[in-house]
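Following: one structure in structure tokens, then a few remarks.
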Amino acid sequence: MKDNKLNTSIEFVKGVGKIRAKILKEELGVKNCFDLLNFYPNKYLDRSRFYKINELSDTNIYIQIIGVFKNITYKKSGNKYRIEGLFFDGDSNIKVIWFKGLSWVEKSISLNSKYVLFGKLNWFEKKPSFVHPDFEKYENFKNKAIKLQPVYSSTEKLSNSGISNKYFIKIIKSLFDFLDNQFDENLNETINKKYKLISPRQSFYNIHFPSDYESLEKARFRLKYEELFFNQLKFKLTHNKIKNANSGYFFPNVGSKFNKFYNENLVFELTNSQKRVIKEIRNDFSSKKQMIRLLQGDVGSGKTIVALMSILISLDNGYQTCLVAPTEILAFQHFKNFQENLKYLKLNISLLTGSSKISERKKILNDLRNGTLDILIGTHAVLEDNVVFKKLGFAVIDEQHRFGVKQRSKIWKKNNPPPHILIMTATPIPRTLTMSLYGDLDLSVIDELPPGRKDVITVARKDKNRLKVFGFIRDQIKKGRQIYIVYPLIEESKKMDLKFLEDGYESILKEFNSKEYSIGIVHGRMKSPNKDFEMKQFANGKTDILVSTTVIEVGVNVPNASVMIIENAERFGLSQLHQLRGRVGRGVYDSYCILMTKDKISDDAKIRIDAMVNTNDGFKISEVDLKLRGPGDILGTQQSGILDFKIADLVEDEKILSNASDDASFLLKNDPKLILNENYNIRRFILNNPLNKSWNEIG
Ligand code: ADP
Ligand code: MG
């Protein structure tokens, strides 16, 4: 579309005017013609169907009927008049009431001619009636041949200002007159042909005023495709730009550290997925371009070892490395794990967290600067500005979704050019989300678990079965296993939260006497050293039962623990449940996840619990989660803004997204700067569109 017209205030569209333009802007944020054009109906009413009055039920909301007015009469209550009419469809009558525009109604209706009555039903004492329905002579209606009627979302203020659905239809119709034929083509021939896309004007027209479902579908397809195509193209342009702008550290050698570890110290065979991912990382390391790679893999799929071995390559090439984790517990565990795994390599590894002592911290900062520290493991503390490396070449960020984009970028600034980056996710997220959120990253996936891993047997149990569950716990402890019992974290009320946990702890102490059993407790509000102490006790097998909040959610690894009991499981989100379940089944033992719930739970909670019981596959779990909650909620408010699609739907449109993504890749492969004639439209759209002002990725 030509920019000038699209940027014009809607005030100038026939039928809008200053006052209404102001209201539309305030209520809907619709300012200019572009906004109005993109203010799509939120549903369509089927106007090809006529109902009979005697088949109506209170599930029918908007309906239409053909019939005749048998009478219309003025009635009065207090000093207010209304008109009541009786409308007859050949079999039955329905009452129709008007409170406003009475003389106009009286004038317009002629008794005994055929009318189409259309509107929202009112139900009172199981009887339907209409208040202020649309009515139209059947002859006129027939000639218009409306099949689907758009319904625009409205607000109270809009309706009170006379901005009705009818009004929207009117002004959007005049918008099309106003814009005339000035709709720009933003895609190229090849794509248009490949998908037999309808023209831009047609798509916009049909999304507002479809003549039937088929044309609506075609319009929706084009608009979705275009939206997703530019989403993907933008990512790919950014990606290319970063790749071209940042030369990366060149790590040509796989040297003695990597080889010694691989040949002498690695106690298991890598899975094929792990091997593939390490190869992908090695390729990046020797590409002379900065690596920015996202590693996805289910809980327990063995991402850490991939990070560790990649770190060794960096060290082999003379560069320092760091690993950042979202919690102290996790950072500590990585630290222990690295120390243990790398004990034969004589490396200098340190842990830096918010609770590191001043003297320790001083030494670490010093060693970092003079280059004697090889691997720094830590929390957010690592990102602080005064943490300066001599030669940082590679950074690993574990459990990415807890970090904001801002924090991510802090790592970049720790060296110039920026270090290679590997981001590891805690739980899988659906493919569509990965593509539309991390499209600017290269993606590696570990899609298998190490061999011999058994599924965690997952069951749901009601509170009333608690005694049996306790019996089961005793059996497991007798076999030498350890147990987690997790209580929900209720954000709104930290106090309640603790109470849940403390009550739970009390009841466990009562049930399992302290002579026979040792029971620990951890929660987020304990001091770090105490928390660490409790975790260590559990990790070293000194504690039989660990009662905790979700602080143990991410990454914690105690292979001897075989039972995860989740209290009030109905309160947890799916990905959290899956994360928690991933704390067991890490050793050779049969493992169990017991989801304790109230006797009655909501439908959504039931779907979540069922999904957990039915599958151990984190990718499948994440798909269910996406369907239940939508992308915004999965990612949290922080990132969801990125996914403000106007029409594309990440639950429904996976196929369109992946096609659009492939098309964008193919396009850029042949024409990375979008300079070919055939891609002129695409380039112009990117450079000119008011939404894309910040897209300066192409030269
Ligand atoms: P996550 O991907 O959830 O971070 P971890 O890296 O913590 O998983 O690995 C989980 C456990 O699996 C660890 O105890 C690790 O030593 C072990 N592991 C990783 N890879 C393999 C493998 N190829 N064979 C056997 N065990 C493995
Ligand atoms: Mg992990």
Side-chain angles (χ1 to χ4, degrees), residues 261-263 265-281 293-312 322-343 377-379 395-403 422-429 443-456 482 484 535 538-541 550-562 564 575-589 591 593 616-619 621-622:
F261 176 79
Y262 185 65
N263 296 324
N265 310 135
L266 183 60
V267 294
F268 43 70
E269 174 82 6
L270 293 175
T271 63
N272 286 331
S273 289
Q274 287 171 321
K275 286 183 192 159
R276 187 187 61 235
V277 174
I278 291 174
K279 207 181 251 168
E280 285 164 351
I281 293 170
R293 188 167 279 283
L294 179 71
L295 174 54
Q296 279 227 54
D298 206 347
V299 186
S301 61
K303 295 182 287 285
T304 318
I305 201 73
V306 170
L308 181 142
M309 292 176 71
S310 311
I311 281 176
L312 293 180
C322 69
L323 189 162
V324 190
T327 63
E328 292 203 5
I329 290 180
L330 255 188
F332 177 75
Q333 187 176 293
H334 278 311
F335 177 62
K336 282 286 158 208
N337 180 351
F338 272 53
Q339 276 190 326
E340 174 62 25
N341 266 301
L342 301 175
K343 62 186 170 206
I377 294 175
T379 55
V396 181
I397 303 177
D398 195 15
E399 320 296 359
Q400 145 79 7
H401 74 271
R402 300 238 172 154
F403 285 105
L422 181 70
I423 295 162
M424 305 197 289
T425 56
T427 30
I429 57 173
L443 181 65
S444 288
V445 182
I446 300 186
D447 50 11
E448 63 189 318
L449 295 180
R453 239 5 118 62
K454 286 185 218 149
D455 277 355
V456 177
Q482 291 165 280
Y484 292 104
M535 285 308 301
F538 190 71
N540 296 333
T550 48
V551 286
I552 58 126
E553 179 189 342
V554 215
V556 174
N557 191 30
V558 181
N560 189 49
S562 66
M564 165 62 65
S575 71
Q576 218 175 11
L577 289 173
H578 182 64
Q579 257 301 322
L580 285 168
R581 173 168 61 185
R583 298 309 110 219
V584 296
R586 302 194 140 237
V588 291
Y589 310 108
S591 297
C593 175
N616 267 263
D617 181 335
F619 282 98
I621 298 263
S622 75

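In listed order, ligands and their atoms are each counted from 1. Excluded from the calculations below are hydrogen atoms, water molecules and symmetry mates; all remaining heavy atoms, backbone and side chain alike, are included.
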Open item on the list: For the residue pair Glu280 / Ser444, report whether a side-chain donor-acceptor contact shorter than 3.5 Å exists.
Closed with: yes
Task: Contact summary for Gly297 and Pro428, nearest pair of heavy atoms - done: O-CD, 4.3 Å
- [ ] Report the C-alpha separation of Asp298 and His578 in whole Å, then their side-chain angles, then the decisive distance to 0.1 Å, and conclude whether the side-chain hydrogen bond (donor to acceptor under 3.5 Å, both in side chains) test is met.
- [x] CA-CA 9 Å; Asp298 206 347; His578 182 64; 2.7 Å; yes
TODO: May I have the step-by-step check of side-chain hydrogen bond (donor to acceptor under 3.5 Å, both in side chains) for Ser273 and Glu448, ending in yes or no?
DONE: CA-CA 7 Å; Ser273 289; Glu448 63 189 318; 3.0 Å; yes
[X] neighbourhood, listing ligand 1 atoms whose heavy-atom distance to it stays under 4.0 Å:
| X | result |
| --- | --- |
| Thr271 | 23 (N) |
| Leu270 | 23 (N) |
| Val299 | 3 (O) |
| Thr304 | 4 (O), 5 (P), 6 (O), 7 (O) |
| Ser301 | 2 (O), 8 (O) |

Open item on the list: Restricting to ring-ring contact (aromatic ring centres under 6.0 Å, His included), what partner residues turn up for Phe538, sequence neighbours left out?
Closed with: Tyr484
Task: Non-neighbouring partners of Lys279 that pass salt bridge (Lys or Arg N to Asp or Glu O under 4.0 Å), sequence neighbours left out - done: none
Is there a heavy atom of [X] sitting under 4.0 angstrom from any atom of ligand 1?
| X | result |
| --- | --- |
| Glu269 | yes |
| Asp298 | yes |
| Gly300 | yes |

TODO: Run the salt-bridge test on Glu269 and Lys275 with the 4.0 Å N-O cut-off and return the result as yes or no.
DONE: yes
Task: Sub-3.5 Å N/O-N/O distance, Ile305 and ligand 1 - done: no
